[in-house]
Amino acid sequence: MDFSALDHAHMARALRLAELGLHMTQPNPRVGCVLAHREQIVGEGWHQRAGEPHAEVFAMHAAGERARGATAYVTLEPCAHFGKTPPCADALIAAGVARVVVAHEDPFHKVDGQGLAKLQAAGMAVDVGLMRDAARELNRGFFSRVERARPWTRVKLAMSLDGRTALANGNSKWITGAAARADVQHWRARSSAVMTGIGTMLADDPSLTVRVHGEFKPALRIVLDRELRTPAGANVLDGSAPTLIVHGAAAKPDGRFEAVELATAPLCDGELDLAHVLRILAERGVNELQVEAGATLCGALFAAGLVDELLLYIAPILLGDQARPLLRSPPIGALAAAPRLRIVEQRQIGDDQRFLLRA
């Protein structure tokens, strides 16, 4: 299908609308919709919150009778099933929309081509694939959870110029500047969950909460604590945000954990099975997982091939060879065997550099 410049312009607008739901739609995908008669946009909308109307409904409500004969530009295949809201495919048909342009098919088993088939059976012109990569990128967590049964996993790390994350005594406050630390909060806000390990919990007592201005859905706080060593009074036990503690079957919960959820995971080589942990999170609707942990857990995730994205902040500071390393991982015998990452983005954040890298 050859799409016109006008098609591209309207779909680009729909993608910008979809991004407005960045912090509020999980576990649902972020979706935008534009209704237009050629150059004239008659209605637009985006999925604003999970459980509320979808993007197409907002766009059709804005368009009213002008939806009849219009082209709908939707960033994800319209749903064909009754969930918390009625099927959007039925609503587009009832509104008399003449053509539907879809960026990407919906892999969710209750949709997965059925929305497109329903539109085509009603006599609509349906074109698929316009700006597909951009639509997938915006919802990389949703696609990961549905297609791979695990969240899109992003590891956040901060280091000195010589690759160190803390002094030998463990002190790391603060390697990076205030601007970089504030930037991390926006990445937390777009995440479904933020995860750390018991080592970081005992050393730093992090709150793992999202601290940004504006509306956002609180991220699930996750602590991997095989032996349930999280102390009473830890910030993650304060009930201020949804929290999940994952432990081994041999650990015995007690009254410390009344305000949080608990889940068990099997062990692999004496540690929690990280692949199983990610499956647990996918079953709970976690799309994007941000890991903020130390060298041991982050190294284990890399070694297991479970990291999709590395968010790395580099501060203009030198800590020396006695300071703590970025990752703990098995020795690499040859440079050809060393994992290589692809730089997706590089940006100056205050005095620090931020890299976004992928395997």
Side-chain angles (χ1 to χ4, degrees), residues 12-34 41 43-59 61-62 74-76 84-85 134-145 151-156 158 174 176-196 206-222 235-236 238-244 281 284-292 309 311-313 344-345 347-352 354-356:
R13 173 61 182 166
L15 285 164
R16 289 194 295 273
L17 291 168
E19 196 168 1
L20 295 175
L22 191 68
H23 298 160
M24 290 297 296
T25 66
Q26 58 264 19
N28 294 351
R30 299 134 182 166
V31 182
C33 178
V34 167
I41 293 176
E44 59 183 29
W46 69 94
H47 185 36
Q48 298 180 10
R49 296 174 187 82
E52 295 188 7
H54 293 180
E56 299 94 321
V57 174
F58 283 110
H61 179 75
V74 192
T75 59
L76 192 68
K84 292 184 179 178
T85 60
R136 190 175 183 89
E137 175 71 11
L138 179 61
N139 283 304
R140 54 192 183 269
F142 172 77
F143 284 103
S144 177
R145 176 173 63 84
W152 178 270
T153 301
R154 176 172 53 252
V155 167
K156 188 279 293 183
W174 295 103
T176 55
R181 298 196 299 275
D183 186 68
V184 171
Q185 295 298 322
H186 293 282
W187 289 90
R188 283 187 184 182
R190 68 167 289 157
S191 303
S192 305
V194 181
M195 184 171 81
T196 196
S207 65
L208 301 182
T209 52
V210 178
R211 298 182 291 277
V212 296
H213 296 296
E215 193 174 14
F216 60 89
K217 187 173 182 178
L220 175 67
R221 302 185 295 190
I222 303 163
N235 284 324
V236 294
D238 63 8
S240 64
T243 304
L244 175 68
L281 300 184
R284 290 171 174 260
V286 173
N287 289 341
E288 286 187 33
L289 171 66
Q290 181 149 313
V291 180
E292 301 187 18
E309 193 167 69
L311 183 66
L312 180 65
Y313 296 85
V344 176
E345 181 185 84
R347 183 174 298 183
Q348 184 87 19
I349 306 292
D351 292 330
D352 306 310
R354 186 190 77 193
F355 287 82
L356 186 66

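Keep in mind that the numbers below use all heavy atoms, side chains included, and drop hydrogens, waters and symmetry copies.
For the pair Arg140 (side chain) and Glu137 (backbone), a donor-acceptor distance under 3.5 Å is present. Using a distance-only test at 3.5 Å, with no hydrogens or angles considered, no donor-acceptor pair links the side chain of Asn287 to the main chain of Ser192. Judged by distance alone, with hydrogens and angles left aside, the side-chain atoms of Thr153 form a donor-acceptor pair with the main-chain N or O of Pro151 at under 3.5 Å. Distance alone, capped at 3.5 Å, places no donor-acceptor pair between the Arg13 side chain and the Val34 backbone.
Taking CZ of Phe216 as the reference point, atom CG of Leu22 lies at 13.0 Å (rounded to 0.5 Å). Glu292 CD to Ile222 CD1: the interatomic distance, rounded to the nearest 0.5 Å, is 11.5 Å. Going from atom NE2 of His213 over to atom CD of Gln185 covers 11.0 Å, rounded to the nearest 0.5 Å. The distance from atom OG1 of Thr176 to atom CG of Asp183, rounded to the nearest 0.5 Å, is 10.0 Å. Atom-to-atom distance recorded for Asp352:CG and Arg347:CZ is 14.0 Å, nearest 0.5 angstrom. Rounding to the nearest 0.5 Å places CZ of Phe58 at 6.5 Å from CD of Glu52.
Heavy atoms of other residues, nucleotides or ligands lying less than 6.0 angstrom from CG of Asp351 number 12 at most.
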Would you please test Leu356 and Arg354 for side-chain contact (heavy atoms from CB on, under 4.5 Å) and show each step?
-> CA-CA 7 Å; Leu356 186 66; Arg354 186 190 77 193; 5.7 Å; no
Apply the test side-chain contact (heavy atoms from CB on, under 4.5 Å) to residues Arg221 and Val194: give CA-CA distance (whole Å), side-chain angles for both, the deciding distance (0.1 Å), then the verdict.
-> CA-CA 5 Å; Arg221 302 185 295 190; Val194 181; 5.8 Å; no
Give the intermediate values and the outcome of side-chain contact (heavy atoms from CB on, under 4.5 Å) for residues Leu208 and Met195.
-> CA-CA 8 Å; Leu208 301 182; Met195 184 171 81; over 6 Å; no
Applying side-chain contact (heavy atoms from CB on, under 4.5 Å), run through Arg49 and Thr25 and close with a yes or a no.
-> CA-CA 5 Å; Arg49 296 174 187 82; Thr25 66; over 6 Å; no
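Among Glu288, His23, Gln26, Glu19, the single residue meeting the side-chain hydrogen bond (donor to acceptor under 3.5 Å, both in side chains) criterion with Arg190 is Glu288. Looking at Arg154, Lys156, Arg188 one by one, the single match for side-chain hydrogen bond (donor to acceptor under 3.5 Å, both in side chains) with Gln290 turns out to be Arg154.
Taking all atoms of both residues into account, the shortest heavy-atom contact from Ala55 to Val31 is CB-O, 3.4 Å. Considering every non-hydrogen atom in both Gly32 and Leu17, the closest pair reads CA-CB, 4.3 Å. Among all heavy-atom pairs drawn from Ser207 and Val236, the shortest one is O-CG1, 4.2 Å. Contact between Ser191 and Ala219 at its shortest, heavy atoms only, is O-CB, 3.8 Å. The shortest heavy-atom contact between Leu15 and Leu138 is O-CD2, 4.1 Å. Taking each heavy atom of Asn28 and Ala50 in turn, the nearest pair found is ND2-CA, 3.6 Å.
Taking the side chain as every heavy atom from C-beta outward, Leu220 and Leu244 approach each other to under 4.5 Å. Between Glu345 and Phe355 there is no side-chain heavy-atom pair separated by less than 4.5 Å.
Inspection of the Glu309 and Trp152 side chains reveals an N or O donor paired with an N or O acceptor under 3.5 Å.
Taking the ring axis of Trp46 as reference, the NZ or CZ atom of Arg30 does not stay both within 45° of it and closer than 6.0 Å to the ring centre.
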